[in-house]
Amino acid sequence: MQGVLFWTTLLGSAAYTGYRLAARPYRPVNPRLARFLGRHFLEATGPCLAVTASPLQLERYAGGTLRRLVLAGVPVIVAVVTLSDLPDESFAEQDDEALEAAHRIGYHRIQMLKVATPFEARRVAEQLETVWTDVEPEVVLAFDPLDPVAGPDLAAEQICGEAVLRLAERLDRERQVKLAFCGTRRPNALVDVTPILTDKIQAVLSHRTELALPALAVNLGLRLMSRLPDLRRSYEALRIVDPSRRPLGRETTPEPRTAAPAPPAPPSKAPSREPRRAVVRTRLPVAENPSDGLAADGERADGFRPAWAGARPTDPES
């Protein structure tokens, strides 16, 4: 009995430790505040622009959030960025699967964008600028280019996220667009997807040719992944960047500005200085006793001798 209890405790501890390690990239620092930010994020009313290189990855990490925005009446436009040198015939089946997933989520529109090789953030931003201007989004959702989760299939998604940051700094000078990043190691918001988790799973399972695992394994994996932030309900972890606190760093590339020529400086004039005037001071002789002006024998310096001082010693009448 004691052996069974020992091994049960050991396995339970190992399972909990594994859960904590696996949940670390998806757990925000303040879960209570993160749930509040998630509810506040769903109060958006304007259009939402989602940028991705693969609809499968977008729906795997943020399909539930997009589904909740659609149910709230927010039009969701998805911009899918692919290389232009790849033939369209090779993606015919994947396009059909993407349309099936879009029907399950409820996208308003899917916009396909072609980018020339090499796949760079600058080229993606050039193609995405037209869609951004046309949609005028209130919310833009992409993958986090700053602190992304580890994944071999997310390199192109991070380039799309960097392009979103570039466009936000160039087109959103008033800082009114809210950026939301999925696939991040520093989440600050949790969106509750428990009511529509089935819709998200069905959308991911629609990409049959891109899935390497059986449908049952994918289903269980998505359910477990949604429980990593909190075991009580299913959540999607996002990093929401408030427009007024948008980071400025290596990911932003400001547009070059030509400095206006400075006006010629006026010729400098030597400061006018007043002529220095000489100050002449005279010092008067100081009397030995300045209080009454009398000498020690009672006689003043001008020869006056008061009566109380008596006669001078040299006076013949004394």
Side-chain angles (χ1 to χ4, degrees), residues 26 28 34 37-81 98 101-102 104-111 113 121 124-125 127-129 131-132 134-149 151 154 156-169 171-172 175-193 196 199-200 203-204 226 235-243 245-247 251:
Y26 304 96
L37 290 178
R39 292 191 298 268
H40 180 69
F41 175 75
L42 296 176
E43 296 176 358
T45 58
C48 172
L49 175 63
V51 183
T52 182
S54 171
L56 171 62
Q57 302 297 337
L58 177 66
E59 289 147 10
R60 176 181 294 173
Y61 285 91
T65 301
L66 297 176
R67 177 59 176 166
R68 291 208 59 179
L69 289 174
V70 169
L71 294 177
V74 176
V76 176
I77 295 90
V78 178
V80 182
V81 186
R104 295 184 181 277
I105 298 295
Y107 298 145
H108 182 73
R109 188 178 77 206
I110 295 181
Q111 183 73 39
L113 302 177
V124 175
Q127 297 295 326
L128 188 61
E129 183 176 358
V131 181
W132 187 303
D134 179 57
V135 174
E136 296 183 356
E138 179 184 347
V139 177
V140 178
L141 191 146
F143 279 76
D144 191 358
L146 305 178
D147 298 284
V149 295
L154 301 181
E157 302 290 354
Q158 297 165 15
I159 294 177
C160 293
E162 185 175 351
V164 167
L165 281 175
R166 288 172 177 262
L167 283 180
E169 292 302 319
L171 302 180
D172 186 31
R175 296 185 179 271
Q176 298 178 354
V177 178
K178 183 178 295 185
L179 303 182
F181 295 118
C182 60
T184 176
R185 291 188 294 108
R186 296 183 60 185
N188 60 356
L190 294 177
V191 178
D192 188 359
V193 297
I196 44 86
D199 296 339
K200 170 185 175 177
V204 173
S226 64
Y235 291 96
E236 285 181 348
L238 298 177
R239 182 180 183 179
I240 298 177
V241 182
D242 190 81
R245 298 182 180 181
R246 188 174 299 156
E251 73 283 355

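Starting from 1, each residue takes its place in the sequence as its number.
R185 contributes no side-chain N or O that, together with a main-chain N or O of V149, makes up a donor-acceptor pair within less than 3.5 Å. Between the side chain of N188 and the backbone N or O of I240, at least one donor-acceptor pair lies under 3.5 Å. For the pair E157 (side chain) and S54 (backbone), a donor-acceptor distance under 3.5 Å is present. In terms of modelled atom types and a separation under 3.5 Å, the side chain of K200 and the main chain of R60 share a donor-acceptor contact.
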Would you check, one step at a time, whether the test side chain to side chain contact (heavy atoms under 4.5 Å, CB included) holds for L190 with D192? CA-CA 6 Å; L190 294 177; D192 188 359; over 6 Å; no
Please assess I77 against R109 for the test side chain to side chain contact (heavy atoms under 4.5 Å, CB included), listing each intermediate value before the final yes or no. CA-CA 5 Å; I77 295 90; R109 188 178 77 206; 3.9 Å; yes
Please walk me through it: do D147 and F181 pass side chain to side chain contact (heavy atoms under 4.5 Å, CB included)? CA-CA 10 Å; D147 298 284; F181 295 118; over 6 Å; no
From CA spacing to verdict: side chain to side chain contact (heavy atoms under 4.5 Å, CB included), V74, E138: CA-CA 10 Å; V74 176; E138 179 184 347; over 6 Å; no
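A heavy-atom distance below 4.5 Å is not found between the side chains of V140 and L167. Residues L165 and P145 are in side-chain contact: their nearest non-hydrogen atoms beyond the backbone lie under 4.5 Å apart. C182 has its side chain within reach of L238: a pair of non-hydrogen atoms, C-beta onward, lies under 4.5 Å apart. Inter-residue side-chain proximity for R239 and L146 is flagged as met; some heavy-atom pair is nearer than 4.5 Å.
Rounding to the nearest 0.5 angstrom, the gap separating the CD atom in Q127 from the CH2 atom in W132 is 15.5 Å. Rounded to the nearest 0.5 angstrom, R68 CZ and R39 CZ are separated by 10.0 Å. Here the CD1-CZ distance, from I196 to R104, works out to 14.0 Å after rounding to the nearest 0.5 Å. The structure places OG1 of T52 at 11.5 Å from OH of Y61, a figure rounded to the nearest 0.5 Å. Atoms CG and CG, on D172 and L179 in that order, are 7.5 Å from each other to the nearest 0.5 Å. The CD1 atom of I105 lies 10.0 Å from the OG1 atom of T65; values are rounded to the nearest 0.5 Å.
In this structure, A50 and L58 approach most closely via the heavy-atom pair CB-CD2, 4.0 Å. Taking each heavy atom of P187 and A237 in turn, the nearest pair found is CB-CB, 3.7 Å. Between A34 and P28, the closest heavy-atom pair is CB-CG, 3.4 Å. Between V177 and P137, the shortest heavy-atom distance links the atoms CG2-O, 3.5 Å. Of all the heavy atoms in G38 and A189, the pair that sits closest is N-CB, 4.1 Å. Between G73 and P75, the shortest heavy-atom distance links the atoms O-CD, 3.5 Å.
For the 3.5 Å distance criterion, the side chains of S226 and E236 fail to qualify, holding no donor opposite an acceptor.
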